[in-house]
Every structure is written in C-alpha cells, then in structure tokens.
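Numbering of ligands and ligand atoms starts at 1, following listing order. Being a predicted model, the structure only gives us computed values, none of them experimental.
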Amino acid sequence: MSEPFEFDGRVAVITGAASGFGRAFAQHAAALGMKLVLADVDQALLDETVAALREGGAQAIGVRTDVRDPAQVDALAKAALDAWGKVHLLFNNAGVGTGGFVWESSAKDWDWVFGVNVMGVANGVRSFTPIMLAQGERAHIVNTASVAGLLSPPAMGVYNASKHAVVSLTETLYHDLKNVSEQVSCSLLCPAFVPTGIANAERSRPGDLRNDVPLTRSQQAADLQLQRAVRSGKLTPADVAKATFDAVREGRFYILTHTQILASVKLRHEDIETLRNPTDPLSLKPEVKQAPQ
Ligand SMILES: NC(=O)c1ccc[n+]([C@@H]2O[C@H](COP(=O)([O-])OP(=O)(O)OC[C@H]3O[C@@H](n4cnc5c(N)ncnc54)[C@H](O)[C@@H]3O)[C@@H](O)[C@H]2O)c1
C-alpha cells in the first residue's frame, strides 16, 4: 500500500456530516472530486449542507441516519451503493458528549453517548468493512475519537470512556485489516478542542434519552468549561479536514491535530509504566481549568 490514496472520482460516506468536522470533510472531499454520501440525524441541516455542496458543483446525496441504529447504518450503506456503486472512504465521525462527575452521569447519558460515539462507529465498521473488502480496491475508514481517547481529563468520564473505546476499536481494526487485506486500512483521528457544534451536542439528544432533572453543579461547571475550551480552539474544522485527508493520502494511522497534547499523553504513559497515580492531564493546561468547580 505504498501508492498514495487517490480521492478523485472515488466515493466518501461521512456521518455527522451536517456540522463541524463532518461538514468540513465533505467540503474537502468535494474539492478533491469525490462523490459524497452525507449522513446526519439533523435532517434540516443535512439538507442545507447537501444543497450548498451541490451548488458548488459537488455530486452529493444526503441520507438521514441515526448511527446508533444498526438497521439505519445498513440502509446508509445500501443507499451509498445504490447511488454511486462503491464506497472508498468512510468517516465514522458523528459524536456527542456530556460532562460532570462520573457518578452523577445518568443511565440515559451513558446510553446516548455510548450509542452515538461507540455503537455508531461499530455499526459503520460492521456495515461498510465487508463491502470495502469485497470491492478489491483501495478503501479507508477514518474513525473520529478525540484526545479524550488518549487521556482521562476530569469531569468528562462518559465521553472519555466512549472515546477510549473508539481508540481501542480502531487500533484493533487496523491489525485485523492488515491480516486480511493490502487494500483496505484505517486511521484514527484524535483532535483537541476546535470550534464546532460539539459544546451544544444536547440539541441532537433524542427525547427518550433526555434527563428530567436539572444539571448538577459539576455538570454546569463542565458545560461552561467545554464552551470556553471549544471557543478558544485555534484550529478550524477545515484545518482538521486537511490534516485528515493528508494522513489518509499517506496511509498514516494516528492523526493528532494538536501535537502539543503529546506531552500529556507521555505523562499518562509514564504514570502507567512507573505505576504512579494518575496525573491530571489538565495540569498542563491551566487556561482550560479555570471554570468554577
Ligand atoms: N470539536 C471538538 O473540539 C472535538 C474534539 C475532539 C473530538 N471531536 C469529535 O469530532 C466528532 C464531530 O464533532 P464536531 O466537533 O464536528 O461536532 P458537531 O456537533 O459540530 O457535529 C456533530 C454532528 O453529529 C451529528 N449527530 C449527533 N448524533 C447523531 C446520531 N445519532 N447519528 C448521526 N449523526 C449524529 C450532529 O447532528 C452533528 O451534525 C465527534 O465525534 C466529536 O466527539 C470534536
């Protein structure tokens, strides 16, 4: 697999495509001449995104998809094949989050965040990998985790646990694919804070998984901290998209858009290797830690 990945004329499927990184992946893919299948749970924003891309000359369809539901992800794969015949690039990108002390997270929080962040990725891998393997052509899967999949910052335990699962799932996927194919591979995207809709993820929480009690103090503080951190992000979604496509082109697995975070990753690894108790990863980022506790 030493030849660079070719994008022009190939087919990309993107989940969480109506906002943030997903929309930026779609714009970048369109500029590279890819045919697009955009999936999101937000029908109105999805329609708007598809219309804007088509106006710019892209070949794109939108398929409303809740990635938590295996049947809807199977239907997404079928719609992609019906529209364009093949799938070469899959972004399992849809994601949501909650904050606050881990013991204060409700069963509905766990259900929702793991449903989207973990089962969404698992459903994408299960539905699309066999299609890619059967095609006998170059194909690639990009799973969006987070630096929260490499670290365990306080007051975001449900999100951290979900993203650690995505990291492990994707590293395993890499090994499994390498055992059976020279054509199909995968990458793991681990961004830090970037201004997108992620701090307002509650907008897409389904009615049956909404909490019917007010936020606790730790949840309010975590919300504020997340809003501030996301707003302060220096990179744009377009920067993240460019870094991601560059990595796919070159066949790189780990995509870390904020390399300064590696100091915290190293600290965590040292904690484990020396059996030292965990260092708070935010101790290296005091500006993020200013929110009231
Ligand atoms: N922005 C950041 O700072 C940041 C950092 C690290 C990782 N991430 C990850 O990046 C990914 C993209 O998030 P973003 O920052 O672009 O946020 P975003 O809120 O702008 O976009 C997420 C999209 O996912 C969609 N979505 C939510 N639930 C869905 C479901 N069940 N099925 C299908 N679509 C669904 C939303 O409607 C939205 O359009 C997520 O996995 C997130 O965890 C974001």
**Complete:** atom 31 (N) of ligand 1 has as its nearest protein heavy atom D66 OD1, 2.9 Å
**Prompt:** Heavy atoms only: which of A145, A192, S146, G233 is nearest to atom 5 (C) of ligand 1?
**Reply:** A192
**Asked** What is the nearest protein non-hydrogen atom to atom 19 (O) of ligand 1, stated with its residue, atom name and distance?
**Response** R203 NH2, 3.0 Å
**Fill in**
Residues joined to V213 in its hydrophobic cluster, side chain to side chain under 4.5 Å directly or through other members, sorted by chain and number, are none
**Request:** Classify the contact between P237 and ligand 1 as side chain, backbone, both or neither, using a heavy-atom distance cut-off of under 4.0 Å.
**Result:** neither
**Item:** Close approach, T15 and ligand 1, non-hydrogen under 4.0 angstrom
**Value:** no
**Request:** Flag G22 as yes when one of its N or O atoms lies below 3.5 Å from any N or O atom of ligand 1, and as no otherwise.
**Result:** no
**Item:** Closest protein heavy atom to atom 44 (C) of ligand 1, given as residue, atom name and distance to 0.1 Å
**Value:** F21 CE1, 3.4 Å
**Message:** One residue to check: N93. Relative to ligand 1, which of side chain, backbone, both or neither has a non-hydrogen atom less than 4.0 Å away?
**Reply:** both
**Asked** K163: heavy atom below 4.0 Å from ligand 1, yes or no?
**Response** yes
**Prompt:** Any heavy atom of P191 sitting closer than 4.0 Å to ligand 1?
**Reply:** yes
**Request:** Identify the protein heavy atom lying closest to atom 43 (O) of ligand 1, giving its residue, its atom name and the separation to 0.1 Å.
**Result:** Y159 OH, 2.6 Å
**Message:** Among L90, V73, L76, which residue satisfies the side-chain contact (heavy atoms from CB on, under 4.5 Å) criterion with S127?
**Reply:** V73
**Request:** Record the part of A39 in heavy-atom contact with ligand 1 below 4.0 Å; permitted values are side chain, backbone, both and neither.
**Result:** neither
**Item:** Distance from atom 14 (P) of ligand 1 to nearest protein heavy atom, with residue and atom
**Value:** T196 OG1, 3.4 Å
**Prompt:** Looking at atom 32 (N) of ligand 1, what's its closest protein heavy atom, distance included?
**Reply:** V67 N, 3.1 Å
**Request:** Step through it carefully: locate the ring centre of Y254, locate the ring centre of Y174, and say whether they are under 6.0 Å apart.
**Result:** no
**Request:** Record the part of V41 in heavy-atom contact with ligand 1 below 4.0 Å; permitted values are side chain, backbone, both and neither.
**Result:** both
**Request:** Note the single closest protein heavy atom to atom 18 (P) of ligand 1, along with its residue, its atom name and the distance in Å.
**Result:** S19 OG, 3.6 Å
**Item:** 4.0 Å heavy-atom contact, A24 with ligand 1
**Value:** no
**Item:** Sequence-distant partners of A26, side chain to side chain contact (heavy atoms under 4.5 Å, CB included), two or more places apart
**Value:** I14, L36, L38, L53
**Residue pair D40 / A18: nearest heavy atoms and the distance that separates them** = OD2-N, 3.1 Å
**Message:** Using a plain distance cutoff, I'd like to know if N117 has any nitrogen or oxygen under 3.5 Å from a nitrogen or oxygen of ligand 1.
**Reply:** no
**Request:** Provide, to 0.1 Å, the distance between atom 22 (C) of ligand 1 and the closest protein heavy atom, together with that atom's residue and name.
**Result:** G95 O, 4.0 Å
